[in-house]
Undergrad: 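Next up is a structure, given as structure tokens.
If you're wondering where the values come from, they're calculated on a predicted model, not measured in any experiment. Below, read A as the first sequence line, B as the second, and so on, with proteins coming before strands; counting in each chain starts at 1.
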Protein chains: 2
Amino acid sequence: MASTSCRRPSPVFAALGDPTRVALLERLRAPGGRNLSALAVGTGMSRQAVSKHLGVLTHAGLVRASSRGRDTVYELDAAPLAEAAAWLDEFRALWDARLDRLDTFLHQLAPEETP
Amino acid sequence: MASTSCRRPSPVFAALGDPTRVALLERLRAPGGRNLSALAVGTGMSRQAVSKHLGVLTHAGLVRASSRGRDTVYELDAAPLAEAAAWLDEFRALWDARLDRLDTFLHQLAPEETP
DNA sequence: GGGAAGCGCAACCATTTGGTTGCATATCGC
DNA sequence: GCGATATGCAACCAAATGGTTGCGCTTCCC
């Protein structure tokens, strides 16, 4: 098979494709969790907009939301980040392997032309 | 500073967020490059749609396009993938460091309650 | 030279996305 | 109980996205 073995984490990449969501993740990197209002302040957006972005992040598995009485607490979950990094590394590794095989193939064909 | 040091590779993540584009990248992983028509066949899309996706990938730096006579040859450039993976690792590392500091802080506060 | 192949550009359309506002509901604290 | 706080849901809107078709230009090859 020429494809990577693990599943492609497209939702994670799509979630990370928006700088606003990345900024939210950086705010969530502090331990302890934040509620929606605390996350929305200073972003220049309404709470509802922030809530939508948090929904995308939650759907991608990057954020866990737990209802805590009156407000919902959002926490970072970095496990999908590790999966995404692993996919990137695997993709690159397979690509490099292809190039290495091409290199040896060219060497076998014409050793003097590929120093 | 609480932010990661390197710039956030949002365009790369946005480009990888579409499964169609990831499939194109996997087709491009074979060495030698492909022209537009070869990439479009079998995708169920028109050449123009594939060209737009290739434009997004090129803009993200994941693909290099070189004009080769009548047709343009597209080649994979995996360097942004490495940058993206590095960003993911750095983000996770900083987050883990925060958690570690919290852990030691809690230990200093009440050693018997955090086994 | 002339037909065919390959590509880019522009116009166009449907759907999704990113954002807003308004309102209803649940919860906390006095 | 009651006011204030925190959230979710629905409707709505502008802009971006993903796709199409058509046309024109360049390049190959016979």
Undergrad: Separation of A/Arg47 atom CZ from D/dC9 atom P, in whole Å?
TA: 14 Å

Undergrad: Do any of residues 34-43 of chain B sit with a heavy atom less than 4.0 Å from DNA chain D, and if so which?
TA: none

Undergrad: Quick one: label B/Ser67 by what it contacts on the DNA or RNA (base, sugar-phosphate, nothing), any heavy atom closer than 4.0 Å.
TA: nothing

Undergrad: What heavy-atom pair brings A/Phe13 and A/Ala84 nearest, and what distance separates the two atoms?
TA: CE2-CB, 3.8 Å

Undergrad: Of all residues at least two apart in sequence or in a different chain, which pass the side chain to side chain donor-acceptor pair (under 3.5 Å) check with A/Arg21?
TA: A/His53

Undergrad: One pair to check against side chain to side chain contact (heavy atoms under 4.5 Å, CB included): B/Leu81 and A/Trp95. What are the steps and the verdict?
TA: CA-CA 11 Å; B/Leu81 293 181; A/Trp95 187 57; over 6 Å; no

Undergrad: Given the rule that a pair is Watson-Crick or G-U wobble with both distances under 3.5 Å, how would you write DNA chain C in dot-bracket, using | for pairs to a different strand?
TA: ||||||||||||||||||||||||||||||

Undergrad: Only pairs under 3.5 Å count here: list side-chain donor-acceptor contacts from residues 67-79 of chain B, not counting sequence neighbours, and write none if there are none.
TA:
from: B/Asp71; atom 1: OD2; to: B/Asn35; atom 2: ND2; distance (Å): 3.1
from: B/Asp77; atom 1: OD1; to: B/Ala79; atom 2: N; distance (Å): 3.2
from: B/Asp77; atom 1: OD2; to: B/Arg64; atom 2: NH1; distance (Å): 3.2

Undergrad: For a quick test of your reading: what N or O donor-acceptor pairs under 3.5 Å do the side chains of residues 38-52 of chain A make, sequence neighbours left out?
TA:
from: A/Thr43; atom 1: OG1; to: A/Ala40; atom 2: O; distance (Å): 2.6
from: A/Thr43; atom 1: OG1; to: A/Met45; atom 2: N; distance (Å): 3.3
from: A/Ser46; atom 1: OG; to: A/Ala49; atom 2: N; distance (Å): 3.3

Undergrad: State, with a plain yes or no, whether a side-chain heavy atom of A/Leu24 is found less than 4.5 Å away from one of A/Leu62.
TA: no

Undergrad: Tell me which of B/Tyr74 and A/Gln48 sits closer to the 5' end of DNA chain C, going by the nucleotide each one is nearest to.
TA: B/Tyr74

Undergrad: Enumerate the protein-to-nucleotides 14-19 of chain D contacts in which both atoms are nitrogen or oxygen and the separation is below 3.5 Å.
TA:
from: D/dG18; atom 1: OP1; to: B/Asp18; atom 2: OD2; distance (Å): 3.4
from: D/dG19; atom 1: OP2; to: B/His53; atom 2: NE2; distance (Å): 2.2
from: D/dG19; atom 1: N7; to: B/Lys52; atom 2: NZ; distance (Å): 2.9
from: D/dG19; atom 1: O6; to: B/Lys52; atom 2: NZ; distance (Å): 2.4

Undergrad: Please find the pair of heavy atoms, one from B/Ala15 and one from B/Ala60, that lie closest to each other, and give the distance.
TA: CB-CB, 3.9 Å

Undergrad: Could you list the residues that satisfy side-chain contact (heavy atoms from CB on, under 4.5 Å) with B/Ala85, not counting sequence neighbours?
TA: A/Leu88, A/Asp89

Undergrad: When you compare the side chain of B/Phe91 with that of A/Leu25, does any pair of heavy atoms fall below 4.5 Å?
TA: yes

Undergrad: Using nucleotides 27-30 of chain D, report all nitrogen or oxygen pairs with the protein that are shorter than 3.5 Å.
TA:
from: D/dT27; atom 1: O3'; to: B/Arg70; atom 2: N; distance (Å): 3.4

Undergrad: Any side-chain heavy-atom pair from A/Asp18 and A/Val56 closer than 4.5 angstrom?
TA: no

Undergrad: When rounded to the nearest 0.5 angstrom, what distance separates CD in A/Glu26 from CG in B/Leu94?
TA: 9.0 Å

Undergrad: Where does the chain A footprint on DNA chain C start and end, counting 5' to 3' with a 4.0 Å heavy-atom cut-off?
TA: C/dG18 to C/dC28

